[in-house]
Amino acid sequence: MTLPRHLPLALACLGLLGLSACSSPEKTARYLIDPPAGEQVPNRLGSAELKDVSLPEYASGQEVAFQTEDGAVRSSPKNLWADSPQRAFTLALARAISDASGATVIGEPWPLAEPPQRRLEVRVEKALAQSNGTYRLSGRYFVSDEGSGGANHARSFDIAVPMGGTGPGASAAAASQAIAILARQIATLSGPGRTIATTAPADPFALDPLF
C-alpha cells in the first residue's frame, strides 16, 4: 500500500509535539513602520509623486536587520517586518510628508487625473540599528519640477535617532521616528545640497537670427 505523500511530514510533526510545535506562527514577530505625528510645517511641495524608495539590500529584506559589536549586519527569521520594507517605507514617508505639511504626496503610480506638480525620489544609503545604540538613516533625496523656471532640489540627509532599548521593537520604533524626521526635512526642502532651476528647452523650430 502506498502511503499519502503528506503522511511522513505529519508523523514527523507528531513526533516533535512533546518538545515544540512543528510550525508555530506565534514565534514569529512582525513589526510595523508607523511614523509618529510631529510639528506642522509649510507646504512647499503642492502635489508630488514619490517613486519607490531605494533601500540597501540588507534593509530591503523581510528580516529586521541590526548591527552587532563586531560590525556585522545580522538578522533573525523570527523577527520580520510586517510589510515589504520598500513598500512600507514608501507609503509611510508619503503619508508623513502629507500629514506634516498638507501637501499631496502619493507613492507611484500616480492615481489622479491631474498630474503632480513635482516628482520626488529618495535613495537611502544606510537604514540600520547600529551597535552604538542609535538608528541611522542617511542618503539623498531629489525633487524635480519640470516646469520652465521650476526649482529642482538635490539634497542629502543624515539622521541619527537614539534607540530606547535593544531588539527589533526598538529598531522599528527608531526607524519610524527617523522617517518622520526625514518627512519634515523633505517637506521643507531642507538639508545640505543645491537647488537647480529648470530651463526651457530650445525651440527646434525657432528661426536662426543669422538668417
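Computed from a predicted structure; not experimentally measured. If you read the sequence from its start, that first residue is 1, and numbering goes on from there.
A pairwise comparison of heavy atoms in A65 and Y58 identifies CB-O, 3.8 Å as the closest pair. Residues L45 and Q117 come closest through the heavy atom pair O-OE1, 3.8 Å. Of all the heavy atoms in G107 and A94, the pair that sits closest is N-CB, 4.2 Å. Minimum heavy-atom separation, L80 to E63: CD2-CG, 3.6 Å. Taking all atoms of both residues into account, the shortest heavy-atom contact from T188 to R184 is OG1-O, 2.8 Å. Heavy atoms only, all atoms of each residue included: P35 and R95 are closest at CD-NH2, 3.7 Å.
If you take OG on S54 and CD on E125, they are separated by 9.5 Å, rounding to the nearest 0.5 Å. Atom CD in E121 sits 13.5 Å away from atom OH in Y141 (nearest 0.5 Å). Going from atom OG of S75 over to atom CD of Q67 covers 13.5 Å, rounded to the nearest 0.5 Å. With rounding to the nearest 0.5 Å, the separation of CD in Q130 from CG in L128 is 6.0 Å. Interatomic distance, CD1 of I179 versus OG1 of T90, reported as 9.0 Å (0.5 Å rounding). The distance from the OG1 atom of T104 to the CG atom of L112 is 8.0 Å, given to the nearest 0.5 Å.
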Review point. How far apart are the C-alpha atoms of L189 and V143, what are their side-chain angles, what is the distance that settles it, and do they pass the side-chain contact (heavy atoms from CB on, under 4.5 Å) test?
Key: CA-CA 8 Å; L189 298 173; V143 179; 3.8 Å; yes
Exercise for review: Let me see the working for S131 and T68 under side-chain contact (heavy atoms from CB on, under 4.5 Å), right down to the final yes or no.
Suggested key: CA-CA 5 Å; S131 58; T68 52; 5.9 Å; no
Exercise for review: Show the numbers, then the answer: is there a side-chain contact (heavy atoms from CB on, under 4.5 Å) between I97 and L120?
Suggested key: CA-CA 11 Å; I97 297 172; L120 172 61; 3.9 Å; yes
Exercise for review: Test S47 against W110 for side-chain contact (heavy atoms from CB on, under 4.5 Å), laying out the working first.
Suggested key: CA-CA 10 Å; S47 61; W110 184 257; 4.0 Å; yes
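With respect to the salt-bridge test (charged N to carboxylate O, under 4.0 angstrom), the residues E108 and K51 do not qualify.
In terms of hydrophobic clustering, with Ile, Leu, Val, Met, Phe, Trp and Tyr side chains grouped at heavy-atom distances under 4.5 Å, I33 and Y31 are assigned to a common cluster. Hydrophobic clustering (side-chain heavy atoms under 4.5 Å, transitive across Ile, Leu, Val, Met, Phe, Trp, Tyr) groups L55 together with F157. L91 and V53 are assigned to two separate hydrophobic clusters, defined by single-linkage of ILVMFWY side chains at heavy-atom distances under 4.5 Å. In the hydrophobic clustering of this structure, L182 does not group with I106; members are Ile, Leu, Val, Met, Phe, Trp, Tyr whose side-chain heavy atoms approach within less than 4.5 Å, directly or through other members.
Not a single donor-acceptor pair under 3.5 Å links the side chain of R119 to the backbone N or O of S144. Using modelled atom types, one side-chain atom of N152 and one backbone atom of I196 make a donor-acceptor pair closer than 3.5 Å. The backbone N or O of D83 sits less than 3.5 Å from a side-chain atom of Q62, completing a donor-acceptor pair. Looking at S98, its side chain does come within 3.5 Å of a backbone N or O of V105 through a donor-acceptor pair. The backbone N or O of A180 sits nowhere less than 3.5 Å from a side-chain atom of Q185 that would complete a donor-acceptor pair.
Within the 4.5 Å cutoff, side-chain heavy atoms of P56 are placed close to those of V124. Between L137 and D158 the shortest side-chain heavy-atom distance does not fall below 4.5 Å. Residues R44 and S101 fail the side-chain proximity criterion, which asks for heavy atoms closer than 4.5 Å. Annotation: side chain of K27 is not in contact with side chain of K78 (no heavy-atom distance under 4.5 Å). With a 4.5 Å cut-off on side-chain heavy atoms, I186 and L93 count as touching. Taking the side chain as every heavy atom from C-beta outward, F66 and T166 never approach each other to under 4.5 Å. The shortest distance between side-chain heavy atoms of F142 and R123 falls below 4.5 Å. Residues V64 and S171 meet the side-chain proximity criterion, which asks for heavy atoms closer than 4.5 Å.
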